[in-house]
Structure formats: C-alpha cells, structure tokens
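Since we're looking at a predicted model, the values are computed, not measured. Every heavy atom of this structure was used, including side-chain atoms; hydrogens, water molecules and symmetry mates were not. Numbers here simply count residues along the sequence, with the first being 1.
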Amino acid sequence: MPTYQYEAMDNTGTEIKDTIDAESEAEAQQIIREKGFFVTRINEQTRKKKKKAAAKQQGGPRKKKGLSIGKVKPKQLCTFTRQLSTLQDAGLPVLRSLKILEGQCKPGPLKNALMGTVEDIESGSTLSEAMSKQPKAFDDLYVNMVRAGEAGGALEVILQRLADFKERAQSLKKKVQGAMIYPCVVVMVATLIVGFIMYSIIPKFKKIFEGFGVELPEITKLLIACSDAVVNYWYLGPAFPIAFWLMIKIVKKNKTGEYIVDYLSLKIPLLGNILQKSTVARIMRTLGTLIASGVPILEALTIARDTAGNAVFKRAFDNIYAAIREGESIAQPLKEARIVDDLVVNMVDVGEETGALDVMMYKVADVYDEEVNVLVDGLVKLIEPMLVVFLGLVVGFIVIALFMPLIKLLNDLS
C-alpha cells in the first residue's frame, strides 16, 4: 500500500505535516478530510525521486545559474509579480508560468531565483516553499501571502493584491526620491561653486591685499580665514559626510543605538513627520493586504513589524503582539504605543468592531499616503526659497568682504 506524505491545516490554522497509507491519492485526501484537516499538499513518497529523475531525463541538464550579487531590484519584482498574476489569471499552471517568466529574464538575481524556484517545484515543493528558499528575491511578506493563496485556492487573487501593494509602495518611494532630486542637485552645485571660489579666487585677492599692505576689515579677515581652512583642509569636505554615515551604521549595529538613531530621526522637523507617516502607511497597507489574504493576525503583525524599517515601530509592535496574544484587541495597545494618531486608532477600532479591519487599514494607508505627498510637495516648495535666500547671503557675504578693502584702497589712492 502506497504511503503519502501530506501537509494540512486544522480549524485554528495550525500547519500539520504527517504521512498516511492509502490505496490512492483520492482515498488519502478523503481520510485526511474526515480527520477535520484541510489538505494543502500531498504526494506519494516513492514518487518524488522518480519525478525528479524523469524531469532530468526529459529536459536534460538544467542551465547553470549565473553569478549575481545583491538582491532583486524592487522594480523588477513589481513587474514579475504583475506578470505572474496575469498568467495565473489566464489559467496557466504555476510551473509553466514560472518557466515563461524565467525565459524572459535577463541574467541576474531574479533569473537565478526563478531557476531555483522551478527546480524546487519540479522536485515536489509548493510555490511558497520554493520561494522561501530564495530570500534575495522573495521576502517573508511575499512568501506568506503566496502560502495563504495556496491554502485558500485563490493564488491569482493574492498575486494581484501583492502586485498592487508592490506597485503602490514603489510609486510612493519614487515620488519622495524624485521630489528630493532638485534640492540635492542645487545644494551640490552651490557647494562646488562656493568651494571653487574659496579655493581658487579668494587666495588671489589675499595676495593682492598683502601686496598693497592695506588694513583689512574684520569681515574680510573672516572670509580669508574660511578660504585658508578650505585650502588646507579641503579633504574634510567629502570625508565628513562619509565618516558621519559610517558612524551611524556602526551605532545602529547595537539595538540601543539603533533605537536612539531612529527615535531622533522621527524628531527632525518636517523630515521626521514625513518618515513617520510613510512608515505608518507602509505598515497599515502591509497589514491590510495580509489580513485580506487570510494570513493569521499574529503572523501578519510579525511580518508588518519587519517591514517597518524603524526600531521605534518595531519595539511598539512587539508590545502589540504580546498584548494580542494575551487576548486584547489591536486598537488599545496601538493607542498605548503612541506611534500613530488618534485617527488611526479609531479607524482600527471601528474595523475590528465591524469585521472590516483590512478595509479600514487600506483607508488609513491611503490617507497617510496622500498626507506624505502633500508634505513632500510642501517641503520642496519650502526648500527652494530657503536655498535662494541662503545662497544670496553667502554670495553677498563674499562680495562685501572683497569689496570693502578694495573701496578703502581706492579711497587711499585718490
């Protein structure tokens, strides 16, 4: 009598792995269902090795994976998820869909991950199991949503939600990055111009003033001192930001240091508010997507915590997780954490009472995404006049500092 290895879920959502003896696969599934379990995967033990050997004989040797460094780019993953959801919606088998997308991929981390995924599925693994072995391409959020789609028999719907989620997150990130390009370019160009004046122009005026032996006013002395500092210590200009960045990285290696840095970053005027609201939007959209896909709330909280990217929010979600395990609702520990506004707490509370928690979290994410857009636009509009005023003051300082001794020199000559 054949022995079947199966994976199933009970009424509480707990995963069960076991074996069972039966005359056929249909009989094995019937026996498992009679036990009150929902079958998610089943295969005959003796058949697994035969399938793997047959695949090698039919398809020949698999292509070797190319050398790749780093993780899959978010844009690539967005495109892949949308294409996979489209193929699944069209009714193609998962393995066939993955092979098509693998053939379209250029050599790199994504292609290597898809090759590994295809090999694992051909060996008898489920899609979520195969993806979990490719952490460079598919994170916990991705794997758990795919697992929920397999368990519920709605993989194409889950992939569509996942594609929408990835595209919204990527769109917001691009908007914030695009809005900051102009101010950064202006600051960089202005710094280079002022540095060139300090390094090359001011020393020439210094020699002129020394040649005429004119008494310099204090403002000119200050300008020449700044120029001397630039000439003698110019390497500190690029070294300081690099050293500051390395120091932050080293401090964040420690949990306490990471918490302090992330806490202080949330207190930066304007930028801290943008960071906080964008983090809340990402967490709420992640939670809403996971809950709507059927992922258990505790597992969804763990995944959302890991996607926060901020130690303050991670610590708060650890406390929320512990409170929910003890039987509390989400709203009360969320309020006590003080990481979100009362609006978020009230909407989450209403969502729990009405049984539409995922819908309310989507709405919170939409509201905060819009607020982030408004804040970013306002920040850009505020930075532009501030840069103009600052550059005007710098140029005015240089001009006045240079012309005052020249005017005095002309007066003495006349």
Side-chain angles (χ1 to χ4, degrees), residues 175-252 257 260-278 372 374-414:
K175 184 173 180 63
V176 174
Q177 290 177 342
M180 298 307 295
I181 288 176
Y182 173 76
C184 291
V185 171
V186 171
V187 170
M188 187 180 299
V189 173
T191 302
L192 291 175
I193 293 174
V194 173
F196 173 76
I197 293 174
M198 289 290 185
Y199 190 86
S200 300
I201 307 299
I202 304 300
K204 294 180 181 178
F205 277 90
K206 179 183 176 182
K207 291 181 179 179
I208 294 174
F209 297 147
E210 290 175 349
F212 281 98
V214 65
E215 179 65 25
L216 299 177
E218 293 299 326
I219 188 172
T220 307
K221 291 180 180 179
L222 177 61
L223 177 63
I224 291 175
C226 293
S227 175
D228 291 340
V230 171
V231 172
N232 295 325
Y233 305 104
W234 61 268
Y235 51 86
L236 293 179
F240 179 76
I242 295 174
F244 180 77
W245 178 77
L246 288 175
M247 184 187 71
I248 295 295
K249 286 287 186 183
I250 293 171
V251 169
K252 292 188 75 171
I260 293 173
V261 170
D262 289 341
Y263 177 81
L264 293 176
S265 66
L266 294 176
K267 298 299 180 182
I268 301 174
L270 291 178
L271 287 175
N273 199 14
I274 293 174
L275 179 61
Q276 180 183 13
K277 290 185 180 296
S278 61
V372 169
V374 173
L375 287 171
V376 170
D377 292 338
L379 179 63
V380 172
K381 291 178 181 178
L382 180 64
I383 286 177
E384 290 178 11
M386 288 178 64
L387 287 175
V388 172
V389 171
F390 175 74
L391 293 176
L393 291 174
V394 172
V395 173
F397 168 75
I398 294 174
V399 170
I400 293 172
L402 292 178
F403 271 83
M404 283 184 69
L406 289 176
I407 293 172
K408 184 179 180 181
L409 179 63
L410 291 174
N411 288 334
D412 291 342
L413 291 174
S414 63

Taking all heavy atoms of [X] and all of [Y], pick out the closest pair and write down the distance.
X	Y	answer
Phe209	Leu402	CZ-O, 3.8 Å
Pro217	Met404	CG-CB, 4.0 Å
Leu387	Val187	CD2-CG2, 3.5 Å
Ala401	Thr220	O-OG1, 2.5 Å

Heavy-atom side-chain proximity of [X] to [Y] below 4.5 angstrom:
X	Y	answer
Leu379	Leu271	yes
Lys221	Glu218	yes
Ile193	Leu391	no
Lys206	Ser227	no
Leu192	Phe196	no

Can you tell me how far the [atom1] atom of [X] sits from the [atom2] atom of [Y], to the nearest 0.5 Å?
X	Y	atom1	atom2	answer
Ile202	Ile197	CD1	CD1	7.0 Å
Ile268	Ile274	CD1	CD1	10.5 Å
Ile219	Phe397	CD1	CZ	5.0 Å

Over 12 non-hydrogen atoms of neighbours within 6.0 angstrom of CZ in Phe403
no

How about Met247: does its CE atom have over 12 heavy atoms from other parts shown lying under 6.0 Å from it?
yes

Acceptor/donor pairs from residues 230-237 side chains to any protein atom, 3.5 angstrom cut, sequence neighbours excluded:
| residue | atom | partner | partner atom | Å |
| --- | --- | --- | --- | --- |
| Asn232 | ND2 | Asp228 | O | 3.0 |

What pairs with Val389 under side-chain contact (heavy atoms from CB on, under 4.5 Å), at least two apart in sequence or on another chain?
Leu393

Side chain to side chain contact (heavy atoms under 4.5 Å, CB included) evaluation trace for Phe205 with Ile224
CA-CA 9 Å; Phe205 277 90; Ile224 291 175; over 6 Å; no

